[in-house]
Amino acid sequence: MQFNRRWKFGWGRFSEVDLFTDRHESNAETLSQAIRAAASEEPDADGSVLFGQLKGTVVGLRYYSGVVNQGEMVGLVRQPQNPYDRNAVMVANIYGNQVGHIKKELAAAMAYIMDNNLAKVEGVVFSGTKNTYTMPVMLSFWGKEESKNSVLEQMSRRGYKLNTEGGKLKGDNQQWYNSQDARAFSSKKGVTTALTADELKNAFDNLFEGLMESKDGEKEAAVSVATPLLLHQKQALSWMCARENKAALPPFWEKRGELYYNTLTCFSAKELPERVRGGILADDMGLGKTLTVIALILTNFHKGKPLPVEKCVEKVSPIKAKTTSQMALTLEGSSSAVGAGVSGTSSGSNLTQEEVICVDEPHAVKAADKSEKSKSKEKMKATKRKPSKEGSVLFEDLDFAAALSGSTSGTGSKKKKTDKKSSLTQIAESSITESPDDLKARTTLIICPLSVLSNWLDQFEQHMDPNVKLNVYLYYGPERNRSKKFLSSQDVVITTYNVLSSDFGNKSPLHGISWLRVVLDEGHIIRNPNAQMSKAVLDLKAQRRWILSGTPIQNSVRDLWMLVAFLGLKPFDTREWWNRVIQRPVTQGDRAGLQHLQTLVKCITLRRTKNSEVNGRPLVSLPEKKVYVEQVELSQPEREEYELARTEGKNTIGRYVAEGTVLRNYADVLAILMRLRQHCCHPDLLAKMSSDLGAAATPAELRERLIEKLRLVLASGSDEECSVCLDSVRLPVITHCAHVYCRPCIAQVISTSGQEVAHCPLCRGEIKTSELVEFPQEEMEEENITKPERWRTSSKVQALMGNLLRLRSKDSSIKCLVVSQFTRFLTILETPLREHGFSFVRLDGTMTQKKRTQVIQEFQSSAADSPTIMLLSLKAGGVGLNLTAASHVFLMDPAWNPATEEQCIDRCHRLGQKRKVVVTKFIVKDSVEENMVKIQRKKQDLMEKAFGSTNTDRKTSRIDDIVALMEL
DNA sequence: ACCGCCGGGTGCC
DNA sequence: ACCGCCGGGTGCC
């Protein structure tokens, strides 16, 4: 039976509720976010406790086809619309097939509890699975501690007594429980000891490490890939092709007789479980994920054959010329936005005719026996001979040919039957059988953040054989071609997460196409399942799915769900099974659960780091990197101003700490910290502030205060992130609970809530459209043009300039990145740079993509007059950015999250860097900055504490942070 | 369901 | 017999 990806049908309401209550908590990028996250007391499935258990009865088995095995978990779904009983509770197996109903009396008792979210009820069928009419089910009630008594009482009122002592039930039914539910029992006996937070943290850190062991040998790329692959890239290609082609059983499935059996959920099926064709390529950045994917696209079309590409030749026999809609690197309507790297259009247009030739040799070269032939010219010659070898028919395989022409061959229906039959007898390692429909899919859809869009285009350009035409369409910009027919005739369509999610729900052509392959670049950015773009991504139809990510896991098992769901790793693409089998066991320290998670990740992930080795040699050798901290002493007047601000802030925060209201006043706390950090950089960074922090008496006053906070966020130039779209805030508004969002984003949250009052995504406070406060437009413009009357220097500016001048006199060819979180600081720095005759460019979050590309190109240029300095805002651009022209990095101010700094450094310390990399971090002596650095160092410990611990612990450590920062 | 329940057929032993 | 008993029909929610 085929299940499509929308199989969550029956759970519609169920999974909505589930998704919402189990809200994702994003990795704390800034302390601000960290505090917000702690402030919002969200219901957390991880922290739920077992109330008790109850034997119930499933009835009506004969009316439904869903079957269950001994020990199999089942889902319980309320059916309030059931015409016979509005208390109905449906029972379904893991694949969503209905098994029966809970007996009505029991259902009546459960309905209230389920509808009011007092408990989550989970079922395991431990015996009687062969019964025709009814069977027993063990029901476990999970929920928040405070609901426990209410649930027990509700049930007992209806005559149902929950067994609250897990151990007692054990005697009779020793064998019924499965591994994960076993924990509830065995823990009592001490059979397994729970993992400590340390062990868990450690295991989690290593989850994505050591996944390197020889996967599937090596594979040469198709000849149309002009760049020779490095050894590790060939290994990745081989692994990826295998993941796409081989019908190996997914993790936790094994064959038992005629059936396929899932060892975790105890589900079994007659058919081969649908395989995950794809996975996570989690190589460190700089290892060439992009090239590997390009190679995959060209090398592994249907049935393991290379993508048939158009080859440009000047002389052509007219009979063979098969002109389809031909455009090379189509860029309709968006060329202006990209500019760089897409000039490929021209090469095709000056040729009169084109011939379609399958330029590729039969793939799969395991040994490295043909390394000499890898120069592209040579390859082209070789392939010219190819057709004769393969016969005069270019595509002898009918299905293959049909796939290309887009028409289904007459054998279609017949073929389908045999396919189905053969799939039953298939052995695990055979390759996947593709139906004629499957073979029609041609296009790979690549979704990436805007910042790396141009990189993809460059890389296609760079790595493709210039004589080969690949149809690459950039689906971006207002003029984008929305024709499904057109898009699905491309070889590659590239778009951004934002375009995808803005199209989503708006008769999106991207969602109407059956893609051959969908590739999510920087896939970790879809880790929040509530985000619109995550939903948009899940709704895509594709045969093969890939996630590229340099940082697959931030700090939580939650983050993984989205990835697993996108890959369609059943049954975990449904939240309930993920929670029951993986998330809850793992977060509660269950060893078996962790083991399962490790197995799962291992099966679908390939990850190599810069330090990985193949055959004892490092994958890539990067030049040395040295990090220096340069202490900066404030001048006397600066110090005085700083101390003044610090004392004032210390008093305020000290009061909050004493009152225990730190988290309630985090906006103020943040403001104080922000001002101190600004003092450390430059006095002109400080926005003129009203220091009135008292309670607002009138609405007008409240409004004024909110605007003040918003001003603070904006004026600092620190790239604030909107928690809804996860992008930089555009059209900022601030809620009454003092959280900043894009106006369209929060407006949508409110409108989709369907209620008069919605809840703030960050703190769950009530929000109304009428109460959103916007930044006054005039002030916004004024803010932008505000220039200090006369420029002045600061100690930090001096420190930087000293370094830059010294460097220039030593070697004028050295290029530098000057990085700050405050874009206004970058502006301040422009003046002395100009004065000293430095040629510089600037890259920050406010720039358009076109401008960015241009700036990067200028900077990367090796021309004599090219800029030697780039002023870079810490978060601008995101990860894909390649700034290898720079070999010196100056970090002007410390970031809350050391990973952000690392990422920034890695933009020049990456593949292609020829020089030694020197990083200088400026830290003001005896200041909040020094304390921030200490906290950075402590970050590992904090993460440990935060992981798998209660919200209270996390809160405590955040308050501790603040106390430490202020030296209270 | 190798049950319970319903409702029609039936009615000394 | 306005009962009991028998045995067939029937059966989730």
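Proteins come first, then strands; the chains are lettered A, B, ... in the order of their sequence lines, and each starts at number 1.
- The partner of B:dC2 cannot be assigned: no Watson-Crick or G-U wobble pair with both contacts below 3.5 Å exists in any strand.
- Between the side chain of A:D85 and the base of C:dC13, no donor-acceptor pair under 3.5 Å is found.
- Interface remark: the A:Y64 side chain does form a donor-acceptor pair with the C:dC12 base, using a distance-only criterion of under 3.5 Å.
- Residues satisfying the side chain to side chain contact (heavy atoms under 4.5 Å, CB included) criterion with A:T599, sequence neighbours excluded, are A:F252, A:Q595, A:C603.
- Taking the C1' atom of each, B:dG4 and C:dG11 are spaced 10 Å apart, rounded to whole Å.
- A:I102 comes within contact range of the sugar-phosphate backbone alone, with a heavy-atom separation under 4.0 Å but no base atom that close.
- Under the stacking definition used here (centres under 5.5 Å, planes under 30°), the residue A:Y63 qualifies as stacked on the base of C:dC12.
- With a 6.0 Å cutoff to the six-membered ring centre and a 45° limit on the axis angle, A:R545 does not count as a cation-pi contact of A:W515.
- A salt bridge links A:E244 with A:R544: the distance from a Lys NZ or Arg NE/NH1/NH2 to an Asp or Glu carboxylate oxygen falls below 4.0 Å.
- Distance NE2 (A:H101) to P (C:dC12): 11 Å, rounded to an integer number of Å.
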Strictly under 3.5 Å: I want the nitrogen or oxygen pairs between protein and nucleotides 2-4 of chain B, one per line.
none

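- For C:dC13, there is no paired base (Watson-Crick or G-U wobble, both distances below 3.5 Å).
- For the pair A:E254 and A:R256, the salt-bridge criterion is met [side-chain N within less than 4.0 Å of a carboxylate O].
- Using modelled atom types, one finds no donor on one side chain facing an acceptor on the other under 3.5 Å when comparing A:S140 with A:E122.
- Both cation-pi conditions hold for A:R575 and A:W561: the charged atom is under 6.0 angstrom from the six-membered ring centre and inside a 45 degree cone around its axis.
- The phosphate of C:dC12 (OP1 or OP2) has no side-chain N or O of A:K104 nearer than 4.0 angstrom.
- Stacking here means ring centres nearer than 5.5 Å and ring planes tilted less than 30 degrees, and by that measure A:Y133 does not stack onto C:dG11.
- B:dC5 sits 11 Å from B:dA1 when the C1' atoms are compared, rounded to a whole Å.
- Between A:K103 atom NZ and C:dC13 atom P there is a gap of 6 Å when expressed in whole angstrom units.
- By the 6.0 Å and 45° rule, A:R62 does not stack over the aromatic ring of A:Y133.
- Computed from coordinates, the A:L106 CG to C:dC12 C1' distance equals 13 Å when rounded to whole Å.
- Note on A:R62: a base of the nucleic acid sits closer than 4.0 angstrom, heavy atoms only.
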